[in-house]
Amino acid sequence: MEYVWFVTGTSQGIGLEIVKQLIAVSSHTVFAGCRNPDSAADLQALKTSAKGILHIVTLDVDSQESIQNAADATKALLGDRGVDYLINNAAISEGFDTAFNMSAAGLMRTFQTNVAGPAQVTRAMLPLVERGNRKVVVNISSTAGTFGKDLGPIVASYSVTKAALNMLTLKQASERPDLIIFAVDPGWVRTAMGGEGVPVEAQDTVSNLPGHVAHLLTLFESATRKHSCKIWTHTGQELPW
């Protein structure tokens with residue numbers, strides 16, 4: 001069956017890898033949102049090998065105007081079709097700050113991207129998700145934002161915003177039980193945000209290829225309403241809030 005995906009934050013890291021693996025399948029149509037498409041060389045390069053359909057959409061999740069323009073552009077290209085999977089992946093981090101040395105400006109900047117961004121993107125894309133066959137919304141979160149896991153004092157701004165994203169997920173799923181809305185911790189992945197000294201490659205946490213134990217795409221594609229109102233690991237294990 002053919003599916004339509006809309007993924008944010010796709011110029012690098014996990015978002016780029018999600019797009020790369022999706023368009024390797026001819027039945028997928030992918031809308032890849034990124035702030036500056038012209039400078040997203042790795043994303044643009046995927047067009048040459050894509051078996052599926054790839055649309056690169058200008059999307060700054062910090063701008064309500066940009067979000068609405070991206071939703072309008074997607075609607076125009078889809079016609080009567082909807083979005084089956086909305087993946088809110090875009091995020092930023094202030095690094096290894098702590099509760100007592102974080103800056104107010106940094107915290108608010110991170111909150112804007114990591115919480116207000118997914119909230120506004122989902123609201124703008126909601127009419128398209130409602131028309132989709134799958135109606136899945138995924139907020140890429142983190143164990144750092146859960147109260148059930150203690151990561152200590154570091155990455156405070158990022159952790160606070162991911163905790164807020166988890167609550168947003170609960171509120172969204174509670175308001176729309178007819179949709180499948182959940183959060184996912186993709187694990188500690190070697191990306192620009194995750195750092196260099198990390199053992200897990202983005203392709204390994206995303207992959208849905210045979211033989212891979214950890215794969216986000218299989219979790220997304222197999223999701224049912226039992227996944228809603230919860231946070232899951234990339235291996236499909238439920239995490240405590």
Side-chain angles (χ1 to χ4, degrees), residues 7-20 32-43 58-64 66-67 87-122 138-170 182-206 214 216 231-235 237 239-241:
V7 187
T8 72
T10 60
S11 64
Q12 61 182 340
I14 293 174
L16 177 65
E17 187 64 32
I18 289 174
V19 174
K20 179 181 179 180
C34 71
R35 183 179 284 109
N36 299 304
D38 291 341
S39 62
D42 292 338
L43 181 61
T58 301
L59 174 63
D60 179 356
V61 300
D62 293 342
S63 165
Q64 181 58 50
S66 177
I67 291 170
I87 312 298
N88 286 309
N89 169 73
I92 61 172
S93 173
E94 289 293 298
F96 291 89
D97 62 350
T98 68
F100 291 109
N101 71 17
M102 70 167 67
S103 70
L107 175 61
M108 295 308 295
R109 180 169 55 247
T110 309
F111 195 93
Q112 176 65 48
T113 301
N114 295 2
V115 186
Q120 297 304 311
V121 168
T122 305
V138 180
N139 293 325
I140 302 297
S141 186
S142 172
T143 299
T146 65
F147 290 92
K149 299 284 186 177
D150 182 8
L151 300 186
I154 60 173
V155 293
S157 295
Y158 180 79
S159 298
V160 167
T161 61
K162 289 301 184 178
L165 179 64
N166 291 344
M167 179 57 74
L168 172 66
T169 304
L170 282 171
F182 59 96
V184 171
D185 171 19
W188 192 9
V189 181
R190 188 182 304 146
T191 63
M193 185 186 301
E196 292 297 324
V198 183
V200 181
E201 296 280 1
Q203 65 184 22
D204 294 321
T205 198
V206 172
L216 287 173
I231 180 170
W232 303 85
T233 68
H234 57 294
T235 58
Q237 303 299 309
L239 282 170
W241 287 116

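The shown structure was predicted, so the numbers you read here are calculated from the model rather than taken from an experiment. Atom set for the values below is all heavy atoms of this structure, side chains included, hydrogens, waters and symmetry mates excluded.
L43 and V19 get closest at one heavy-atom pair: CD1-CG1, 4.1 Å. Smallest separation of non-hydrogen atoms from K162 and S142: CG-CB, 4.0 Å. Taking every heavy atom of both residues into account, L151 and A144 meet most closely at CD1-CA, 3.3 Å. Minimum heavy-atom separation, H234 to G187: ND1-N, 3.9 Å.
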Verify side-chain contact (heavy atoms from CB on, under 4.5 Å) between I231 and F182, making sure each step is shown before the conclusion. CA-CA 6 Å; I231 180 170; F182 59 96; over 6 Å; no

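Here the CD1 atom belonging to I18 is positioned 9.5 Å from the OG1 atom belonging to T10, to the nearest 0.5 angstrom. With rounding to the nearest 0.5 angstrom, the CD atom of Q120 is 10.5 Å from the OG atom of S63. Residue Q112 holds its CD atom at 11.5 Å from OG1 of T161, rounded to the nearest 0.5 Å. Atoms CG and OG1, from L216 and T235 in turn, are 9.5 Å apart once rounded to the nearest 0.5 Å. Put simply, CG on N89 and CG on L16 are 10.0 Å apart, with the number rounded to the nearest 0.5 Å. Atoms CG and SG, on L59 and C34 in that order, are 8.0 Å from each other to the nearest 0.5 Å.
Checking side-chain atoms of T122 against main-chain N and O of A119 turns up no donor-acceptor pair under 3.5 Å. Using a distance-only test at 3.5 Å, with no hydrogens or angles considered, no donor-acceptor pair links the side chain of T110 to the main chain of Y158. Within the 3.5 Å criterion, the main-chain N or O of G145 finds a donor-acceptor partner in the side chain of N166. Judged purely by atom type and a 3.5 angstrom limit, S39 uses its side chain to pair as donor or acceptor with the backbone of N36. Side chain of T8 to backbone of A90: a donor-acceptor contact under 3.5 angstrom is found. Panel note: side chain N114, backbone I92; a donor-acceptor pair is recorded below 3.5 Å.
The side-chain heavy atoms of L239 and W232, taken from C-beta on, include no pair separated by under 4.5 Å.
Applying the salt bridge (charged side-chain N to carboxylate O under 4.0 Å, His left out) rule to pairs touching residues 91-107 yields E94-R109, sequence neighbours excluded.
With I140 as the fixed residue, the side chain to side chain contact (heavy atoms under 4.5 Å, CB included) test singles out one of D185, L165, I87, V7: I87.
Legend: residues meeting salt bridge (charged side-chain N to carboxylate O under 4.0 Å, His left out) with D62, ordered by chain and number and at least two apart, are R35.
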